Amino acid sequence: MERNPYLLVFVAIFFFAVGTVATMFIPFTEENLMTPTPTAEYRKQVVNDNPQSKAAKGRELYMQNGCMYCHTQWVRPTKTDEKLGPVIRAGDTYYDSPHLHGSNRTGPDLLWVGDRIPDKAWHIKHLKDPQSVVAGSIMPPYKFLSDEELDALAEYLVTLKHIDNPTDQSDPQYRY
Amino acid sequence: MLSSAENSAAKNMLLTSMIWFIVPALFGGLFVAIKLVWPTFLGDTSFLTYGRLRMVHTNGELLGWLSMVQVGAMYYMIPRLLGTKLWSEKLGNFTVWMWNVGLLVGALTLLAGITSGVEYAELLWPLDLYIAVMVILVIVNIFMTIAQRKEKQFYVSVWYFVASILWLPLVYIIGNIPEPFLHLPGVHQLNFNWFYGHNVLGLWFTTMGVAMAYYLLPKVTGLPIYSHRLSLIGFWTIAIFYVWNGPHHLSNGPIPAWLQKAGIAPSLLLIIPVWSVVANMFLTVKGNWHLVKENVIVKFILTASIFYVAACLQGPFHSLMTVSAVLKFTHWTVGHAHMAPYATFSFIGMAGMFYIIPRVTGRELYSWNLANWSYWLGTIGFLVMALDLWTAGILQGFAWADGKDAMTVVESMRPFMMIRIVGGVLMVASMLVFIWNIMKTVTSGKVVTMETSKNKKPVKLTDTKAAKPVQA
């Protein structure tokens with residue numbers, strides 16, 4: 001192999017493929033990950049099925065302005081997340097395209113922010129000038145958004161809510 | 001327009017990479033850090049807001065600076081390791097243009113808010129396609145160079161380079177599957193996202209950087225690599241285990257327990273390749289520690305190795321579910337995320353340029369003293385930022401677990417966000433000194449006479465007179 005590039009390439013790609021199949025493709029056989037929850041169906045109804053809706057436009061704005069770099073949409077079964085509402089289920093974001101789970105919580109988690117703050121007017125005021133609503137906030141002001149855009153973004157935020165799932169079984173393995 | 005002069009592709013790639021070192025660091029890094037203390041800094045123009053600048057920061061530093069410096073170094077090193085010339089300098093220079101134009105368009109689209117919305121893979125799919133083509137052109141050039149090689153035996157750097165340029169398109173394509181065309185259900189998409197985020201680091205930046213270090217260290221010290229076998233153990237363990245790690249970014253997420261474990265166990269095994277690389281570096285220099293003092297390049301590489309170990313000990317540590325439960329989503333992660341790309345691979349990148357630029361321009365480095373300044377400013381700046389962010393993250397995580405109100409936690413972070421700026425200023429200063437030094441080398445460094453370069457005598461490598469001459 002120290003002289004043969006083709007063998008090297010072949011073996012390296014083989015091991016790459018093994019890991020990829022195991023961690024990326026085998027999970028598709030997990031029923032849990034492939035079953036949308038009522039929350040997902042609700043999100044689909046307000047966003048995916050209706051790409052011209054305010055909520056769908058708001059979601060676009062959320063991505064375009066990088067809200068997900070400061071806000072997660074990911075409540076874990078951990079002590080840190082106990083006050084944030086129901087733990088996320090795999091199916092909750094089934095239709096999210098793309099996912100907005102985020103990776104940093106400089107600001108609060110927004111997975112269920114619509115349940116916590118259902119008031120659109122509050123959101124619009126807060127987005128325009130966060131510091132005037134929450135003293136000491138370090139969230140950027142989004143004054144440059146038009147009234148229509150702010151309305152759309154606020155609409156999206158209030159649709160981020162939990163819909164009861166009667167068939168939900170909390171997976172004991174999942175709570176460690 | 002496209003030069004066919006020997007070494008021109010390497011030279012142009014390396015020199016233009018510096019634009020993508022400083023611009024995203026200043027605007028996307030430092031200014032964004034300032035915004036976390038003073039949110040209205042830079043006003044509220046759409047393209048100067050936090051989210052937009054942050055996208056330019058990650059894409060610019062990773063797909064720009066780091067990728068370019070590593071490919072530039074590969075254009076220089078591969079021909080030398082194989083006793084031949086680069087197959088096509090013209091094609092190489094074409095990729096230099098493609099890289100810069102593509103990134104410029106990419107940066108402008110991101111600033112305008114045109115994004116796929118997937119963290120680290122924000123560029124829109126036409127740009128992804130463009131990048132895939134560009135990488136394929138790099139691959140063609142390298143494989144044609146291999147085909148015309150004189151030296152039949154592959155040195156370990158060649159292994160790493162060859163494997164990396166093949167992993168990159170695989171990782172890139174799988175990680176950037178355009179969501180509008182192929183919808184992956186929520187969690188799977190999250191999994192694909194972190195497959196990309198993790199493997200682009202491990203099977204591209206890491207392996208390219210390690211290839212550079214394995215080339216540079218013996219060259220500048222004149223000492224043979226301690227163990228060839230150890231370097232191959234390192235290669236194969238990273239090739240086998242790295243790709244499994246994506247799911248550890250989903251720790252405590254809505255994924256099955258087996259998948260979490262499938263992500264965590266290999267992260268622990270990654271200690272093997274890390275250890276093998278770092279042990280090899282240190283054992284090579286062992287007994288010649290004076291080189292660290294005398295030679296900035298050695299200093300950069302060994303420091304990078306230390307940070308590499310640290311990053312790779314931290315990684316498995318906070319992939320453990322209980323640890324992740326506290327540290328995930330905090331500032332800790334930001335500190336960790338800078339360690340490998342900045343303190344390890346950017347350091348190796350700078351070291352590589354200090355070595356290569358004088359050799360491709362035929363001029364001595366303008367100032368080894370300034371190179372030393374780059375080193376200290378960068379190291380201290382990084383340590384200030386990282387130690388600050390790690391402390392901040394631990395406090396943040398435990399404050400949440402304590403049930404503290406979100407805004408109370410935000411306010412308590414303020415002093416840490418200020419110290420972070422200090423670290424950022426030092427890091428940016430280090431980059432400015434570095435760029436100044438390289439620019440001065442290119443424009444007015446002392447010309448090395450033909451004689452010395454024909455003799456393959458290295459351009460003066462050390463920053464003090466006392467240093468022993470070293471073998472090239």
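Hydrogens, waters and symmetry mates are skipped; everything else that's a heavy atom, side chains included, is used. No experiment lies behind these values; they were computed from the predicted model shown.
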Inset, instruction - Would you indicate whether the side-chain heavy atoms of A:Trp74 and B:Lys328 approach each other to under 4.5 Å? - result: yes
Inset, instruction - Check each atom of B:Ser46 against the heavy atoms of chain A and say whether the ones under 4.5 Å are side chain, backbone, both or neither. - result: both
Inset, instruction - Give, as side chain, backbone, both or neither, the part of B:Tyr242 having an atom under 4.5 angstrom from any heavy atom of chain A. - result: neither
Legend entry - Contacting moiety of B:Ala401, where chain A heavy atoms sit under 4.5 Å: both
Legend entry - Portion of B:His228 that has a non-hydrogen atom of chain A nearer than 4.5 angstrom: side chain
Inset, instruction - Could you tell me whether B:Phe143 and A:Tyr6 have their ring centroids closer than 6.0 angstrom? - result: no
Inset, instruction - Let me know if B:Ile174 has heavy atoms under 4.5 Å from chain A in its side chain, its backbone, both or neither. - result: side chain
Legend entry - Donor-acceptor pair, side chain of A:Thr80 and main chain of B:Ala325, under 3.5 angstrom: yes
Inset, instruction - Anything under 30° is parallel, anything over 60° is perpendicular, the rest tilted; go ahead and classify A:Phe28 against B:His188. - result: parallel
Inset, instruction - Determine whether B:Trp159 and A:Leu8 make a side-chain contact, defined as any pair of heavy atoms from C-beta on separated by less than 4.5 Å. - result: yes
Legend entry - Heavy-atom proximity to chain A below 4.5 Å, by part of B:Ile114: neither
Inset, instruction - Check each atom of B:Glu411 against the heavy atoms of chain A and say whether the ones under 4.5 Å are side chain, backbone, both or neither. - result: side chain
Inset, instruction - Let me know if A:Asp96 has heavy atoms under 4.5 Å from chain B in its side chain, its backbone, both or neither. - result: backbone
Inset, instruction - Tell me, for B:Val171 versus chain A, whether the close heavy atoms (under 4.5 Å) come from the side chain, the backbone, both or neither. - result: both
Inset, instruction - Answer with side chain, backbone, both or neither: which region of B:Leu259 has an atom nearer than 4.5 Å to a non-hydrogen atom of chain A? - result: side chain
Legend entry - Side chain, backbone, both or neither of B:Trp194 within contact of chain A (heavy atoms, under 4.5 Å): side chain
